[in-house]
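Below is one structure, written out as structure tokens; the observations come after it.
In this chain, numbering begins with 1 at the start of the sequence shown. Since the model is a prediction, treat every value here as computed from it, not as a measurement. Every heavy atom of this structure was used, including side-chain atoms; hydrogens, water molecules and symmetry mates were not.
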Amino acid sequence: MEELSDCPLSRLLSSVNPHMSAYDLWEATASFLELSGNCYWEIEKDEGGVPAAIYPMRPDRVKIVPDRSTFVMGYIYEINGRSLALDADEVIHFKYFNPANEYYGLGPIAAIRNSIIVDQYSVAYNKVFFKNGSHPGGVLETGAALSDEAFNRLRKQWEEGHKGTPRAHRVAVLEEGLTYKPIGLSPRDMEFLNQRRFCREEICAVFKVPPALVGVYEYANYANAEHQNKAFWQKTVIPKLRKLELKLNNSLLPLFGREAGVEDRFVAFDTSAV
């Protein structure tokens with residue numbers, strides 16, 4: 001097997017367009033796939049109809065135009081309030097399997113949407129907890145009826161005097177008949193750290209990333225950290241690379257036509273150093 005480093009396809013994948021490097025292209029491709037399950041490349045052609053540049057498109061701005069006979073008639077790209085119509089052979093669509101839709105892919109993040117939301121709420125709760133002086137909220141109780149004016153005044157005075165970390169642990173002076181009663185649960189009661197740890201591990205699992213690779217060494221030492229790194233390449237990265245290879249060979253390579261002596265050419269990532 002001979003590597004062709006000076007063929008048109010090789011040159012295109014090395015210098016994808018005037019505004020970004022090949023690394024930028026693959027970074028965008030991987031990010032779009034993991035976040036949305038879709039990545040679209042616009043293929044710009046020269047006067048002879050040969051691909052000359054590749055531009056990744058934001059998946060949320062792309063609409064597929066179905067066709068009964070050819071499956072996909074084309075694509076519509078919405079940008080800056082304008083619609084750009086592209087033929088089917090002007091776009092390479094990478095996608096992950098979606099059991100609910102045959103046209104659009106489904107990203108891993110969809111499977112853990114609720115876990116991510118819970119984690120965001122946990123962080124927001126903890127932020128407010130410390131912002132309010134590391135104390136849960138409370139109520140001011142009194143047996144007397146308060147007018148609207150007195151209610152608003154007391155609430156304003158209390159928040160101005162005691163809300164926020166800089167005002168924590170100040171001495172409170174209550175008017176006659178008022179008592180302060182704290183309410184709510186502390187992060188310890190809500191098992192804040194355990195909740196965040198569970199969300200973190202679930203997110204790693206759905207993206208097939210071993211914990212040691214994101215700096216989590218609770219259950220790892222040097223030996224099994226090396227094993228996790230090897231497993232990550234074998235079970236996560238390389239299968240994804242093979243998926244990208246097949247799409248390039250089936251959709252991009254035929255756009256260059258057939259050149260003499262290279263009928264058996266194909267695209268493959270070099271994983272010899274893995």
For the residue pair Phe71 and Tyr103, categorise the inter-ring angle as parallel (less than 30°), tilted (30 to 60°) or perpendicular (more than 60°). parallel
For the side chain of Lys243 and the backbone of Lys95, is there at least one donor-acceptor N/O pair under 3.5 Å apart? yes
Is a donor on one side and an acceptor on the other found under 3.5 Å between the side chain of Tyr96 and the backbone of Ser36? no
Residue pair Phe256 / Leu12, side-chain heavy-atom distance below 4.5 Å: yes
Closest heavy-atom pair and its distance - Thr29, Trp41: OG1-NE1, 3.0 Å
Hydrophobic clustering (ILVMFWY, side-chain heavy atoms < 4.5 Å, transitive) - are Leu252 and Met57 grouped together? no
Check the surroundings of atom NZ in Lys235: do more than 12 heavy atoms from other residues, nucleotides or ligands lie under 6.0 Å from it? no
Student check: side-chain heavy atoms of Leu213 and Asn229 closer than 4.5 Å: yes
Hydrophobic cluster identity match, Leu255 and Leu86, side-chain contacts under 4.5 Å: no
Start with the C-alpha gap between Leu33 and Leu244, add the side-chain angles, then the distance that decides, and say whether side chain to side chain contact (heavy atoms under 4.5 Å, CB included) holds. CA-CA 11 Å; Leu33 275 173; Leu244 295 175; 4.0 Å; yes
May I ask you to decide if Met20's main-chain N or O and Asn17's side chain share a donor-acceptor pair within less than 3.5 Å? yes
Taking Leu84 as the starting point, is it possible to reach Val65 by hopping between hydrophobic residues whose side chains are less than 4.5 Å apart? no
Of all heavy-atom pairs linking Glu245 and Phe269, the shortest is OE2-N, 2.6 Å
Would you indicate whether the side-chain heavy atoms of His19 and Tyr55 approach each other to under 4.5 Å? yes
Is there a side-chain contact between Val214 and Arg200, using heavy atoms and a 4.5 Å cut-off? no
Using the side chain to side chain contact (heavy atoms under 4.5 Å, CB included) rule, take Ile238 and Arg242 through it: C-alpha gap first, then chi angles, then the decisive distance, then the call. CA-CA 6 Å; Ile238 291 180; Arg242 297 293 176 256; 4.0 Å; yes
